[in-house]
Amino acid sequence: MTTARRAAAGTARGVLPSQPDDHDSRSGPEWFARELETAKASEARYRGLLEAAPDAMVVVDRVGDIVLVNAQAEIRFGYRRDELLGKAVTDIIPDGFAERLVADALRSEAVALAQQMGTGIELIGRRKDGTEFPIELMLSPLVSEDGVLVTAAIRDISVRKAAEAELLEKVEALHVSNVELEQFAYAASHDLQEPLRMISSFTQLLSKRYHGQLDADADEFITFAVDGATRMERLIQDLLAYSRVGTQGREFQPTSGESAFQQALLNLRGAIEDSGAIVTSSALPEVMADETQLIQVFQNLVGNGIKYRRPETPEVRVSAKRVADRWVIAVADNGLGIDAQYFERIFGMFQRLHRREEFAGTGIGLAIAKKIVERHGGTIGVQSQLGIGSTFRFSLAAVGSGSS
Amino acid sequence: MSPRGDDAAPLHVLLVEDSAGDVRLTREAFRDANSKVVLHVAGDGVEAMSFLRHEPPNDDAPRPDLILLDLNLPRMDGREVLAQVKADAELKTIPTIILTTSDAQADIVRSYELQANSYLSKPTELDRFESLIRSIDDFWLSKAKLPSPRADR
């Protein structure tokens, strides 16, 4: 029979008898009889607790034989109690349990306590009929007269496992659906270009050939048609660019931030010359990036800094700061600035803060920048003050940081 | 001497294109660019090969000075036309220019592998399209020296 005391004190205080530390001071038949009664009562209470547990409880000795079980264990594993007692635990939990036993026996009380409270390990249980089911095991050592025993609380996690599998399946399906959607967006915007090119070309041809030859209304109508077609073309171009971020992105490689920035400046040459903008930078680091996309981010952010300017000469300053294993790159301008309430919104698709007559644009530029930065595992954000300027910051993995 | 030295001699361009709108745009653009250009149109690859090989009903088709070839065509696509033209001893000296909406790298590489003389994307804006046609005319039909088809015969 097992008289046990929980090695981890506290949870079962008062249930089990203390082991006599000093035999000399407490001896004699009366004491022994009393202790025996207490022990019996304690054991009865321990069994009661074991039976009341919602999980299957199996107590195992140091060689791995089952010495005590509760009703839940009988139900879960499909054995009668007398069949289980004396059986090797490896008959009902084939793998992993024996190793845990050894580890557990070596464990300190504090660690054992943590183990009891922590989540258990996941193993496979085997029923009498040979069928298997996923279990979660929580072990706690017991010090008893028969030596160290281990109490195993065993929970059938079939339902949870099934739910997890279902969740995984759904995540996978969602991923597939996202990829399909991106491909669809790409194909659709590409195919939309064809008929649009016709509308756009022929309205432009109409405008060119017949401007001033029809009445003023006709000229105005043609102007609206041309303008609409031109805007839609830009939208489609930008949508294509947006969907390309996901579908045509390349692998990340050590990329010179300096040369990506210079290339962006080259692409922005027209805007820089027209506005007289002063664009400067501190030394820019090497980062893990898809170079084409990094150029695009610089181009969109610096381009915005120049575009949304105040009457004075636009100035854009690009700098970099190392934060742990990442570089945070800042693009600061002295432009119009953005009201704080729009800090999130400007990164959304088709989000614009100005009327078309003030500033042309499709409202996709920052969405593209965000999508690129996020594809690189980074973040992007803005700090700004109206009438002072804006600073956009994005982070990228440094070369050799391993988080590419 | 190039036969094009003769001011009156027409310049024959074969446009292989299935979109009526594009045909019209190209015709308009050539009309503005060079009045000597005679534009012949094949709506697909099969028609184009028939034209180039003077098969009926194209018995009297002139040998073009230039081929403008779209890639995506019904029946026989532009890649196949290009392959056949460049494999034909008689036809392979005709400058063949890919003029398409596709800007896919795979199409560009494949076209040059098949010996396309150049690869051009159709711009979406009319002005740029017209300017592109002017460039084609200026380079391929005016500046470039081409083998004289008449001397071949």
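So you know, we letter chains A, B, ... as the sequences are listed, proteins then strands, and number each from 1. Fair warning: this is a prediction, and the values are worked out from it, not measured in the lab.
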Self-check item: Contact origin within A:Ser201 toward chain B - heavy atom pairs under 4.5 Å
Solution: both
Quiz prompt | Distance-minimising heavy-atom pair for B:Asp127 and A:Gln204 | solution = N-OE1, 4.1 Å
Self-check item: Toward chain B: residues of residues 235-244 of chain A with heavy atoms under 4.5 Å
Solution: A:Gln237, A:Arg244
Self-check item: A:Arg234 atom CZ, over 12 foreign heavy atoms within 6.0 Å
Solution: no
Quiz item: For A:Met198 and B:Leu25, which heavy atoms make the closest approach, and how far apart are they?
Solution: CE-CD1, 4.2 Å
Practice problem: Return the minimal non-hydrogen interatomic distance between B:Thr101 and A:Arg197, and the atom names on each side. | Solution: CG2-NE, 3.7 Å
Quiz item: Does anything in residues 205-221 of chain A get under 4.5 Å of chain B by heavy atoms, and if so which residues?
Solution: A:Leu205, A:Lys208, A:Arg209
Practice problem: Might you confirm whether atom NZ of A:Lys307 has over 12 heavy atoms from other residues, nucleotides or ligands at distances under 6.0 Å? | Solution: yes
Quiz item: Which members of residues 107-125 of chain B, sorted by number, sit under 4.5 angstrom from chain A on a heavy-atom basis?
Solution: B:Lys122, B:Pro123, B:Thr124, B:Glu125
Quiz prompt | Region of B:Asp32 that comes under 4.5 Å of a non-hydrogen atom in chain A | solution = side chain
Exercise. Answer yes or no: does atom CZ of B:Arg24 have more than 12 heavy-atom neighbours from other residues, nucleotides or ligands under 6.0 Å?
Key: no
Quiz item: With sequence neighbours excluded, what pairs up with A:Gln263 under the side-chain hydrogen bond (donor to acceptor under 3.5 Å, both in side chains) test?
Solution: A:Asn267
